[in-house]
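One structure is given below, encoded as structure tokens.
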2 protein chains.
Amino acid sequence: MKLLIIEDDKHLSDTIRETTQGMFETLQAFDGEDGLFLAEQNIFDVIILDIMMPGMNGYEVLKELRSSKIETPVIMLTAKDGIDDKIQGFKVGADDYMVKPFHREELLLRLEAMVRRAGGSFKENTLYFKDLKLNLKTKSAEINSEAVKLNGKQYDLLEYLINNKNTILTKEQIFDRIWGFESDTSTTVVEVYASNLRKTLKKYGYDNYIKTFRGLGYMLSEDGDN
Amino acid sequence: MKLLIIEDDKHLSDTIRETTQGMFETLQAFDGEDGLFLAEQNIFDVIILDIMMPGMNGYEVLKELRSSKIETPVIMLTAKDGIDDKIQGFKVGADDYMVKPFHREELLLRLEAMVRRAGGSFKENTLYFKDLKLNLKTKSAEINSEAVKLNGKQYDLLEYLINNKNTILTKEQIFDRIWGFESDTSTTVVEVYASNLRKTLKKYGYDNYIKTFRGLGYMLSEDGDN
DNA sequence: TTGTTTTAAGGTTGGTTTAAGGTTAGTCCT
DNA sequence: AGGACTAACCTTAAACCAACCTTAAAACAA
């Protein structure tokens, strides 16, 4: 699970990061521009977004993000308690809203609710694609009650693909999501893992749901023909 | 999306280029003459045009451009803040105006507004021509919900044609837009791709919307007869 | 050791480009 | 008007090349 915190107050950002560690793998952006750039990679499960920031503010970031058709759930943060802010926040597509300062537990509850609502799987720890069943907790997979042996990164790839079925994911997105931004390995590992995953899924005829789009990326498609 | 920056200050030009990367594919001209020449190719979606330049100044460039019936949206740049400049800029057909120095965000917002206003499709990621629907994000096409198989350059050509339907595009324009100025392949590829595109669209009876004008170029026309 | 991840190398696929011959639409001449 | 001529354009197929696939060995971690 990946969380992006866009917040110019470094101290608060770090506090959130610590509060949520264990639940999320966190990335921090300290201004709107960087935040937007990261968010547009579409590799996060939730975004915490401060409104008052120098330069590009939270509303602008969110507006941009939504108009790029990125639907990652967003929790807006603000110091003000005015109702106007809330209205404006929701109008541009915020999913939830928190007034600073807030309690640890409130944050955790809202995060949990957020992810769950987004079809996500927090307490729900299974994910399905046709007859393929992923257990998120144990990072294991099975097809028709038969266990499928997947190693760590293969599993990660499959989970990411299922979470984004029917949309093309670029090699860069996949790489950033699974290997992380600062990893210095080459993005060709993605090809290797795509190949590995297909190979292990072939046995069940699930390999040809993984389509490659030359020059664009990969997609897990619900129809296996072509 | 293509952006042309006509600005003699190389540093500023580069800054703009970096600011807009990801949004636009950028070309730079460092004086008015070169700028005008490039702009007249009519392959750009927006032009950023500095006023104060040695030689041909911004007003002159814009005036020439408009009298060649090129209606690409133009944002004028100036160091002065006088109201007179604004008036003169708009009189010769500028679409927007910015005073140096400006903020990153202001530029981005204006660019976006500009392209959107021009009927452009910025964050809109679908484009229509009759029953043909293009998905800009996945670079795919469908007619009446049936997928049409187009490879990269074929898709690019179709998109360019639709964006300029009912206007004739020369082979040079098409070539510059899709293959790029510095490409060293011959412009006859355009003919090949026109042929290919017609062939794949023939199945749906859409081939005869692509008209060729001997000695002039091609046009995507909304009426299929002659 | 054992299993996983990364790198490297060669093979394959399929989109792109080139080239060559065919077709069409204008132009000129009678 | 009709026919020959020509330049522009069309079509096809083979050659080329970049993206992608696959495999296996090397590096790393448990």
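First the proteins, then the strands, lettered A, B, ... as listed; each starts at 1. Atom set for the values below is all heavy atoms of this structure, side chains included, hydrogens, waters and symmetry mates excluded.
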Figure out the NZ/C1' separation between Lys153(B) and dT18(C), and round it to whole Å. 15 Å
Is Asp45(B) reaching over with its side chain to a backbone N or O of Leu3(B), donor-acceptor style, under 3.5 angstrom? no
Any side-chain N or O of Lys171(A) under 4.0 Å from OP1/OP2 of dA19(D)? no
Side-chain donor or acceptor of Asp9(B) paired with backbone N/O of Leu12(B) under 3.5 Å: yes
Atom-pair distance (CZ on Phe213(B); C1' on dG26(C)), nearest Å: 16 Å
What is the distance, rounded to the nearest whole Å, between atom CG of Leu150(B) and atom P of dG14(C)? 16 Å
Between CG of Asn208(B) and C1' of dT24(C) the distance, given in whole Å, is 17 Å
Measure from NZ on Lys149(A) to C1' on dT4(C) and round the result to the nearest Å. 10 Å
Nucleotide dC9(D), atom P - distance to CD1 of Ile168(B) in whole Å: 12 Å
Report which part of the nucleic acid Tyr218(A) touches: base, sugar-phosphate, or nothing (heavy-atom distance under 4.0 Å, all strands). sugar-phosphate
Nearest whole angstrom, please: distance from the C1' of dA19(D) to the CG of Leu216(A). 12 Å
Thr188(A) side chain N/O closer than 4.0 Å to the phosphate oxygens (OP1, OP2) of dA8(C)? no
Looking at dA8(D), dT13(C), dC10(D), which one has an atom nearest to any side-chain atom of Arg214(B)? dA8(D)
Indicate whether OP1 or OP2 belonging to dT17(C) is found under 4.0 Å from a side-chain N or O atom of Trp179(B). yes
Given 3.5 Å as the limit, does a donor-acceptor pair link the side chain of Thr170(B) with the main chain of Gln173(B), or not? yes
Using heavy atoms and a sub-4.0 Å distance, could you list which residues of residues 190-203 of chain B are near DNA chain C? By number, please. Val192(B), Tyr193(B)
Can a donor-acceptor pair be found, under 3.5 Å and without considering hydrogens, that links the side chain of Lys130(B) to the backbone of Glu222(B)? yes
Does Ser186(A) reach a base, just sugar-phosphate, or nothing at all? Heavy atoms under 4.0 Å. sugar-phosphate
Can you label the angle between the Tyr206(A) ring and the Tyr209(A) ring as parallel, tilted or perpendicular, going by 30° and 60°? perpendicular
Provide, to the nearest angstrom, the distance between the CG atom belonging to Asp156(A) and the C1' atom belonging to dT6(C). 16 Å
Any side-chain N or O of Asn151(A) below 4.0 angstrom from OP1/OP2 of dG3(C)? no
Sub-3.5 Å donor-acceptor pair from the side chain of Lys2(A) to the main-chain atoms of Arg177(A), do we have one? yes
Are the side chain of Ser68(B) and the backbone of Ile70(B) linked by a donor-acceptor contact shorter than 3.5 Å? no
